[in-house]
Amino acid sequence: MKTTEQLEHQLKRHSKAAKLEIWGKFISFSALLLIVAVVVAIIGFVASKGLATFFSNHVSLWDFLSGKSWNPGVTDAHGKPEVGALPMIVGSFLITVLSAIVATPFAIGTAVFMNEISPNKGAKILQPVTELLVGIPSVVYGFIGLSVVVPVTRAIFGGSGFGILSGTCVLFVMILPTVTSMSVDALRAVPRYYREASLALGATQWQTIYKVVLRAATPGMMTAVVFGMARAFGEALAVQMVIGNAALMPGSLVDPASTLTSVLTTGIGNTVMGSLQNNALWSLALVLLLMSLVFNLIIRLIGRKGRLQ
């Protein structure tokens with residue numbers, strides 16, 4: 001017969017399943033720490049490079065954010081470097097907001113058709129189209145915009161065809177599948193008994209969609225729009241090919257302009273590390289990173305509001 005010590009040892013010994021669970025927790029926790037460390041390292045690296053413009057080169061933060069002239073290699077009449085980032089910030093916000101305004105009605109209409117009006121045939125046709133748009137590379141969108149959108153804009157509105165309007169048309173198509181797919185998920189998350197109760201009270205299908213389903217799915221659809229704006233704000237290659245890349249304040253939607261990403265992609269390879277020109281570009285990258293964090297914060301706040309409701 002087994003002694004008391006042997007029984008106690010067997011009872012306290014971890015089983016194979018318990019050991020696997022411990023290893024699973026250890027691996028998961030290690031992966032989580034690695035992701036957090038990578039994110040913190042990226043933010044710290046970009047911040048250290050971007051803040052060097054203000055601490056090492058002694059550029060005023062206000063002059064950087066409000067200046068309208070971007071030429072870091074040149075000084076103005078007061079001996080200050082021309083590192084005004086306002087044209088790029090304005091261009092980025094204009095093209096982001098306009099593309100979201102254009103894409104939102106199409107995305108919500110497509111989502112309503114796929115989920116409420118024709119959930120079977122509509123989804124079979126539109127779902128593959130949406131997935132196809134997601135898989136197209138950015139450079140292809142840029143070439144299409146350069147070959148089609150820019151000439152059409154030039155023929156209709158005049159000018160060179162490069163500008164905010166062309167970039168908006170390209171980004172509208174790029175963020176449309178993202179906003180559409182997330183809007184579909186938001187509509188599917190609305191409980192079925194909401195629709196049944198509305199129809200039982202005598203409401204028509206359109207009244208149910210407009211006054212019940214869409215209102216219940218509003219937080220999710222707002223999250224989709226902000227998520228699409230975040231993608232549009234950080235898009236580089238496609239916008240660079242159609243916007244004109246002129247670091248000037250846009251006077252109209254058809255004037256050549258620039259965004260934070262377009263200036264970064266065209267200038268980062270032509271500067272020396274540690275120079276004012278290079279530090280100024282890193283400052284633009286820091287602004288871009290901070291705006292991305294703001295978009296993520298807005299998404300979380302909207303999602304929390306939706307859960308509370």
Side-chain angles (χ1 to χ4, degrees), residues 38-97 138-139 142 145-146 150 160-164 166-168 170-171 230-252 255-295:
V38 170
V39 173
V40 171
I42 291 174
I43 295 176
F45 180 78
V46 176
S48 64
K49 293 290 185 180
L51 294 176
T53 305
F54 313 109
F55 292 102
S56 299
N57 303 115
H58 306 290
V59 175
S60 172
L61 177 61
W62 175 252
D63 293 339
F64 177 79
L65 294 177
S66 63
K68 298 180 181 180
S69 179
W70 177 263
N71 195 357
V74 178
T75 57
D76 58 15
H78 302 284
K80 298 180 180 179
E82 297 182 352
V83 288
L86 185 61
M88 286 76 74
I89 296 175
V90 171
S92 295
F93 274 102
L94 272 178
I95 198 171
T96 299
V97 173
S138 299
V139 65
L146 192 62
V150 171
S160 64
F162 296 93
I164 299 292
S166 298
T168 299
V170 173
L171 275 185
R231 184 189 175 187
F233 196 84
E235 181 57 42
L237 184 57
V239 176
Q240 177 189 345
M241 297 174 70
V242 299
I243 199 172
N245 300 317
L248 303 172
M249 283 294 294
S252 65
D255 290 339
S258 61
T259 61
L260 294 169
T261 52
S262 64
V263 173
L264 280 170
T265 53
T266 55
I268 196 66
N270 301 319
T271 59
V272 179
M273 186 68 72
S275 63
L276 173 61
Q277 294 86 343
N278 185 266
N279 291 338
L281 292 174
W282 279 109
S283 298
L284 294 181
L286 179 60
V287 173
L288 187 64
L289 177 61
L290 292 177
M291 287 310 306
S292 299
L293 294 177
V294 169
F295 279 124

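Hydrogens, waters and symmetry mates are skipped; everything else that's a heavy atom, side chains included, is used.
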Check: [Y] and [X] side chains under 4.5 Å, non-hydrogen atoms:
{"X": "Met273", "Y": "Asn278", "value": "yes"}
{"X": "Leu281", "Y": "Val263", "value": "yes"}
{"X": "Ile243", "Y": "Phe162", "value": "no"}
{"X": "Leu65", "Y": "Leu86", "value": "no"}

Audit row: Leu248, Asp255, side chain to side chain contact (heavy atoms under 4.5 Å, CB included) steps and yes/no: CA-CA 9 Å; Leu248 303 172; Asp255 290 339; over 6 Å; no

Listed partners of Trp282 passing ring pair (Phe, Tyr, Trp, His ring centres under 6.0 Å), at least two apart: Phe45

What heavy-atom pair brings [X] and [Y] nearest, and what distance separates the two atoms?
{"X": "Val139", "Y": "Met241", "value": "O-SD, 4.2 Å"}
{"X": "Pro81", "Y": "Val59", "value": "CG-CG2, 3.9 Å"}
{"X": "Ile95", "Y": "Thr168", "value": "CG1-N, 3.7 Å"}

Results of salt bridge (charged side-chain N to carboxylate O under 4.0 Å, His left out) for Lys80 - residues two or more places apart only: Asp63

Leu284 and Trp70: CA distance, side-chain angles, deciding distance, side chain to side chain contact (heavy atoms under 4.5 Å, CB included) verdict: CA-CA 11 Å; Leu284 294 181; Trp70 177 263; 3.7 Å; yes

Donor-acceptor under 3.5 Å (Ser92 side chain, Leu260 main chain): yes

Donor-acceptor side-chain pairing of Gln240 and Ser262 below 3.5 angstrom: no

